[in-house]
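Following: one structure in structure tokens, then a few remarks.
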Amino acid sequence: MEFTMSTRQQGAGTVVEIAGDLDMSTTPQLRERLREVVEGGNRVVVVDLAGVGFMDSSGLGALVVAYRDLRERNGWLGLAGVRRSVRTVLSITSVDQVIGIYDTVRDAERAASAS
């Protein structure tokens with residue numbers, strides 16, 4: 001599957017939608033996009049992973065860095081549409097205990113509004 005990524009303003013935040021595998025060859029693109037979003041002043045970011053079937057440690061690292069960068073700016077990061085294979089990686093590493101995981105982008109946006 002080809003790797004694609006799009007960014008859109010939605011509600012009170014920014015949604016970064018990803019499709020394809022998040023691995024060493026594609027993670028630099030995600031890392032750069034998340035950096036641009038955060039440095040651009042966005043404080044609520046939802047990463048839509050519904051189209052991601054595989055994520056390695058490099059993808060995990062990019063999400064953790066974005067989470068940390070947003071927290072330093074009093075921001076919020078949530079993950080939406082996480083498939084079982086990716087959820088397993090998040091669970092094994094306990095990242096799911098730090099970054100919120102939501103069934104849909106809309107659920108993530110509601111959680112961001114409530115925080």
Side-chain angles (χ1 to χ4, degrees):
M1 173 184 247
E2 180 184 345
F3 180 81
T4 60
M5 186 170 37
S6 63
T7 306
R8 68 182 183 278
Q9 292 301 122
Q10 185 168 319
T14 301
V15 177
V16 178
E17 184 176 349
I18 305 165
D21 292 345
L22 265 177
D23 56 27
M24 288 177 34
S25 66
T26 58
T27 294
Q29 296 170 60
L30 173 62
R31 186 176 291 119
E32 178 62 20
R33 178 72 53 91
L34 290 172
R35 185 189 63 74
E36 290 170 356
V37 167
V38 173
E39 289 182 3
N42 295 283
R43 294 298 169 254
V44 174
V45 179
V46 177
V47 179
D48 185 350
L49 297 171
V52 176
F54 172 82
M55 180 175 69
D56 69 10
S57 61
S58 64
L60 184 69
L63 295 174
V64 169
V65 167
Y67 171 81
R68 185 194 69 220
D69 289 348
L70 280 161
R71 293 291 296 181
E72 289 174 358
R73 293 170 168 85
N74 295 315
W76 186 91
L77 176 71
L79 308 178
V82 182
R83 292 184 182 182
R84 179 174 287 152
S85 58
V86 174
R87 192 176 290 255
T88 299
V89 172
L90 296 168
S91 177
I92 288 171
T93 58
S94 297
V95 170
D96 63 344
Q97 301 299 310
V98 179
I99 302 174
I101 298 175
Y102 305 92
D103 291 336
T104 67
V105 169
R106 184 165 299 229
D107 290 343
E109 290 173 329
R110 282 190 205 113
S113 296
S115 65

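Along the sequence shown, residues are numbered consecutively beginning with 1.
In terms of modelled atom types and a separation under 3.5 Å, the side chain of R83 and the main chain of A50 share a donor-acceptor contact. Using a distance-only test at 3.5 Å, with no hydrogens or angles considered, a donor-acceptor pair links the side chain of T93 to the main chain of V89. Panel note: side chain R43, backbone V38; a donor-acceptor pair is recorded below 3.5 Å. The main-chain N or O of Q97 is never found under 3.5 Å from a side-chain atom of S94 such that the two would form a donor-acceptor pair.
Linking ILVMFWY side-chain heavy atoms closer than 4.5 Å, directly or via other members, places V16 and I101 in a single hydrophobic cluster. Y102 is connected to V105 through a chain of hydrophobic side-chain contacts under 4.5 Å among Ile, Leu, Val, Met, Phe, Trp and Tyr, so both are in one cluster. Residues L77 and V44 are members of separate hydrophobic clusters, defined by side-chain heavy-atom contacts under 4.5 angstrom among Ile, Leu, Val, Met, Phe, Trp and Tyr. V82 is connected to V47 through a chain of hydrophobic side-chain contacts under 4.5 Å among Ile, Leu, Val, Met, Phe, Trp and Tyr, so both are in one cluster. Placement of L79 and M5 within a single hydrophobic cluster is found when ILVMFWY residues are connected by side-chain heavy-atom separations under 4.5 Å, directly or transitively.
Atom CG of residue L63 and atom CZ of residue R68 lie 12.5 Å apart, to the nearest 0.5 angstrom. Atoms OG1 and CD, on T14 and E36 in that order, are 12.0 Å from each other to the nearest 0.5 Å. A distance of 12.0 Å separates CD of Q29 from CG of L34, quoted to the nearest 0.5 Å. In this structure, the separation between CD1 on I99 and CG on L70 is 9.5 Å, given to the nearest 0.5 Å.
Annotation: side chain of N42 is in contact with side chain of Q9 (closest heavy-atom distance under 4.5 Å). Taking 4.5 Å as the limit, every side-chain heavy atom of D69 sits out of range of all side-chain heavy atoms of E39. Counting heavy atoms from C-beta outward, L30 and I18 have side chains that approach closer than 4.5 Å. The shortest side-chain heavy-atom distance between L22 and V86 does not fall under the 4.5 Å cut-off. M55 places a side-chain heavy atom less than 4.5 Å from the side chain of L90.
In terms of heavy-atom proximity, V46 sits nearest to W76 at CG2-CZ3, 4.0 Å. Here the shortest heavy-atom pairing between A62 and T27 reads CB-CG2, 3.7 Å. Considering all non-hydrogen atoms of both residues, S58 and M24 come closest at OG-N, 3.4 Å. Residues G53 and S85 come closest through the heavy atom pair O-OG, 2.6 Å.
Atom CZ of R106 sits in a sparse spot, with 12 or fewer heavy atoms from other residues, nucleotides or ligands closer than 6.0 Å.
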Query raised in the report: salt bridge (Lys or Arg N to Asp or Glu O under 4.0 Å) between R35 and E32: does it pass, once the steps are laid out?
Result: CA-CA 5 Å; R35 185 189 63 74; E32 178 62 20; 2.4 Å; yes
